[in-house]
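Written out below as structure tokens is the structure these notes cover.
Starting from 1, each residue takes its place in the sequence as its number.
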Amino acid sequence: MMGYLEILCGIAAVCLAIYYYLTSTYDFWKSRGVNGPKPVFLFGNIKDVMLQKMSMAEYLTKVWKEYESEPMIGIFMRRTPFLILRDTNHIKDVLIRDFSKFIDRGFSICEKMEPLSVHLFNLEGQRWRPLRTRLSPVFSSGKLKEMFPLILECSEHLEKYLDKVVAKGEYVECRELTAKYTTDVIGSCAFGIEINALSDEESEFRRMGKKVFTPSFKELLRFRLRQSFPRFYNLLGYILPLQEVTKFFTKVVVDMMNYRTENDIVRPDFINTLIELKKHPDKLENIKLTDTFLTAQAFVFFIAGFETSSSAMSNTLYELALNSDVQDKLRREIKEHYKKNNGELKYEQIKEMTYLDLVFKETLRKYPPGPMLLRRSKSNYTFEGTKVTIPEKTFVSIPIFAIQRDPTIYPNPDAFIPERFNEDAVAARNPMHYLPFGDGPRNCIGARFADYQSKVGLIKILCNHKVDVCEKTMIPYEFHPTSFLLAPKGGIYLKITKVED
């Protein structure tokens with residue numbers, strides 16, 4: 001009898017210890033005078049997100065509205081404290097003025113299990129800073145101008161492909177259409193390879209792109225394990241084989257670098273930059289330039305470049321289908337510029353399309369690539385004008401989606417109104433209220449590239465084609481609850497028809 005009692009007491013003690021561990025942080029924000037929703041056991045404040053009832057963007061918007069009078073909100077991702085900033089001065093401090101104290105994003109890097117996770121987006125400040133300096137010239141306006149003919153060539157393939165699709169009279173899944181185009185662009189500009197995702201249904205690059213971004217139970221399990229137990233997760237790398245995506249990209253990048261080096265081939269693309277880095281490793285302190293590390297940089301250029309831009313393009317087409325007056329006005333601008341330039345599309349011409357710029361910015365307002373910006377403090381930090389001090393390694397979140405859908409900032413936020421971004425409107429608005437690519441030193445390095453490849457693709461689609469809603473169009477727009485980046489639930493289906501001159 002005593003043996004059973006001891007076992008039961010032991011089990012109870014273990015359960016209590018686990019319960020204490022999982023709830024021991026739950027007074028973190030209360031002790032600092034920061035208001036926020038009450039956390040619950042196991043889930044913290046993200047129960048509905050973890051159970052896939054809503055996306056993270058929708059949850060953060062819900063909390064944003066509930067605590068509209070607070071300068072900051074304290075929540076818990078399971079047991080980890082996260083601080084949501086509402087005050088624009090605090091946002092600017094974190095992103096710009098006190099950037100050195102929030103240089104890290106705080107993502108877990110499990111290098112053994114996921115060798116390609118050591119890329120620019122994830123890296124801690126010590127390795128991020130010198131690498132960012134060396135990679136920035138790839139995305140300069142001069143380098144982009146050199147790449148422009150490559151982008152233009154892919155856009156012409158897109159136009160021809162679209163004509164074939166339209167001729168069939170079928171509804172078009174626009175996310176897949178634009179993803180094929182951006183995959184071709186990134187393949188050409190980053191890897192120097194003609195991927196032909198538009199014409200090749202069996203394209204390996206397109207298949208790998210889908211594999212990275214298609215939510216599955218296995219990938220969701222990996223994500224949860226990585227976030228909750230990063231050390232244990234990384235140890236699995238000594239046992240489990242490399243993922244297919246890792247093996248594919250490593251082979252492509254290493255083979256390409258070796259081939260170009262052996263044959264003295266120079267091309268204005270990302271691979272050429274990696275080759276130069278490899279030749280001069282002394283210029284990157286604290287970084288071991290292995291083939292895997294270099295591959296990781298090409299990998300993030302590929303996945304971020306094709307996915308964010310294809311989403312922006314398909315979301316633009318969705319809004320234009322719902323707002324025919326905006327679409328017609330934009331098409332007139334496109335045709336006028338073609339006429340003025342003898343039917344050619346030139347690099348300098350893109351900037352001249354002012355209404356296209358307004359339309360694209362309004363799309364990014366409604367559908368920013370990510371729901372939030374994440375930073376982690378490098379040391380103890382007290383927010384100016386408050387008594388709130390956070391310790392080292394505290395996560396700070398800036399909820400982009402919630403900010404850009406706030407009706408007090410953008411009246412009637414669900415409406416698509418490009419004029420929100422004319423000069424007077426922008427001048428009257430706080431710059432921290434529009435952050436689709438972030439801000440400060442750690443903003444999106446490829447923002448200019450994304451802007452150009454998206455706009456060129458949209459120009460080619462809209463010049464001679466009209467987009468309309470159809471019976472398969474998702475109205476209202478629903479977000480996929482498990483997607484890391486903002487993505488629609490079920491795709492974007494539209495009817496596309498040829499426009500006669």
Parallel, tilted or perpendicular: ring planes of F302 versus F249, cut at 30 and 60 degrees
tilted
Flag the pair I91 / I403 as yes when at least one side-chain heavy-atom distance between them is below 4.5 Å, and no otherwise.
yes
Geometric cation-pi criterion, R376 with F107: 6.0 Å, 45°:
no
Could you go through the salt bridge (Lys or Arg N to Asp or Glu O under 4.0 Å) check for E362 and R365 one step at a time?
CA-CA 5 Å; E362 175 68 344; R365 178 197 69 80; 2.8 Å; yes
With salt bridge (Lys or Arg N to Asp or Glu O under 4.0 Å) as the test, would you mind laying out the steps for K466 and D328 before giving the verdict?
CA-CA 9 Å; K466 182 182 180 184; D328 292 341; 5.6 Å; no
R448 bridged to D451 by N-O distance under 4.0 Å
no
Check whether any side-chain heavy atom of R132 sits under 4.5 Å from a side-chain heavy atom of L123, and report yes or no.
no
Is D93 close to E384 at the side-chain level, that is, under 4.5 Å between some pair of heavy atoms?
yes
For residues N35 and Y67, is any side-chain donor paired with an opposing acceptor at under 3.5 Å?
no
Centre-to-centre under 6.0 Å for F416 and Y318, is that the case here?
no
How about Y434 and K361: does a side-chain donor come under 3.5 Å of a side-chain acceptor?
no
Identified side chain to side chain donor-acceptor pair (under 3.5 Å) counterpart of Y410 within the set R429, K366, H433
R429
Report yes if the side chains of M353 and K455 come closer than 4.5 Å at any heavy-atom pair, otherwise no.
no
Assert yes or no for the condition that the ring centre distance of F449 to F270 is strictly below 6.0 Å.
no
Looking at E344 and N341, would you say the former's side chain and the latter's main chain have a donor-acceptor pair under 3.5 Å?
no
Is the side chain of S397 donor-acceptor paired with the backbone N or O of L374 at a distance under 3.5 Å, no angle test?
no
Could you measure the distance from the CZ atom of F301 to the CG atom of D269? Nearest 0.5 Å is fine.
9.0 Å
Over all atoms of both residues, closest heavy-atom pair of R420 and N412:
NH2-O, 2.8 Å
Step by step, work out the side chain to side chain donor-acceptor pair (under 3.5 Å) result for N45 and Y59.
CA-CA 9 Å; N45 298 116; Y59 171 71; 4.5 Å; no
Just wondering, are more than 12 heavy atoms of other shown residues or ligands nearer than 6.0 Å to CD in Q349?
yes
Residue pair K180, Y161: steps toward the side chain to side chain donor-acceptor pair (under 3.5 Å) verdict:
CA-CA 10 Å; K180 286 180 176 180; Y161 174 79; 3.2 Å; yes
Can you tell me how far apart CG (L462) and CD1 (I334) are? Round to the nearest 0.5 Å.
5.0 Å
Are R105 and F121 in a cation-pi setup, meaning NZ or CZ lies under 6.0 angstrom from the ring centre and within 45 degrees of the ring axis?
yes
Does any N or O in the side chain of T386 come within less than 3.5 Å of the main-chain N or O of T382, such that one atom is a donor and the other an acceptor?
no
Here's one to test your reading of the geometry: is the NZ or CZ of R32 within 45 degrees of the ring axis of F28 and under 6.0 Å from its centre?
yes
Specify whether F479 and Y367 have parallel, tilted or perpendicular ring planes, treating 30° as the upper limit for parallel and 60° as the lower limit for perpendicular.
tilted
Audit row: E66, K62, salt bridge (Lys or Arg N to Asp or Glu O under 4.0 Å) steps and yes/no
CA-CA 6 Å; E66 288 176 1; K62 177 174 174 286; 3.2 Å; yes
Student check: side-chain heavy atoms of V40 and F76 closer than 4.5 Å:
no
Review item, side-chain donor-acceptor pairs of residues 162-177, under 3.5 Å, at least two apart:
from: D163; atom 1: OD1; to: H465; atom 2: NE2; distance (Å): 2.8
from: D163; atom 1: OD1; to: K498; atom 2: NZ; distance (Å): 2.9
from: D163; atom 1: OD2; to: K498; atom 2: NZ; distance (Å): 3.4
from: E173; atom 1: OE1; to: E176; atom 2: N; distance (Å): 3.2
from: E173; atom 1: OE2; to: R175; atom 2: N; distance (Å): 3.1
from: E173; atom 1: OE2; to: I492; atom 2: N; distance (Å): 2.8
from: R175; atom 1: NH1; to: S311; atom 2: OG; distance (Å): 3.0
from: R175; atom 1: NH2; to: E307; atom 2: OE2; distance (Å): 3.1
from: E176; atom 1: OE1; to: R206; atom 2: NH2; distance (Å): 2.8
from: E176; atom 1: OE2; to: R206; atom 2: NE; distance (Å): 3.2

K495 vs E471 side-chain heavy atoms within contact, under 4.5 Å
no
So for atom CD, which belongs to E352, do other residues, nucleotides or ligands contribute more than 12 heavy atoms lying within a distance under 6.0 Å?
yes
Nearest 0.5 angstrom please: L83 CG to T394 OG1, how far?
8.5 Å
Give a yes or no on whether a salt bridge exists between E348 and K351, defined as a side-chain N under 4.0 angstrom from a carboxylate O.
no
Beyond-backbone contact of N430 with I409, side-chain heavy atoms, under 4.5 angstrom:
no
Tell me whether the centres of the aromatic rings in F421 and F360 are closer together than 6.0 Å.
no
Please tell me if the side chains of W64 and F401 come closer than 4.5 Å, counting only heavy atoms from C-beta onward.
no
Looking at K393 and D104, is any side-chain nitrogen of the basic one under 4.0 Å from a carboxylate oxygen of the acidic one?
no
Please give me the minimum heavy-atom distance between T354 and E333, naming the atom from each residue.
N-OE2, 3.1 Å
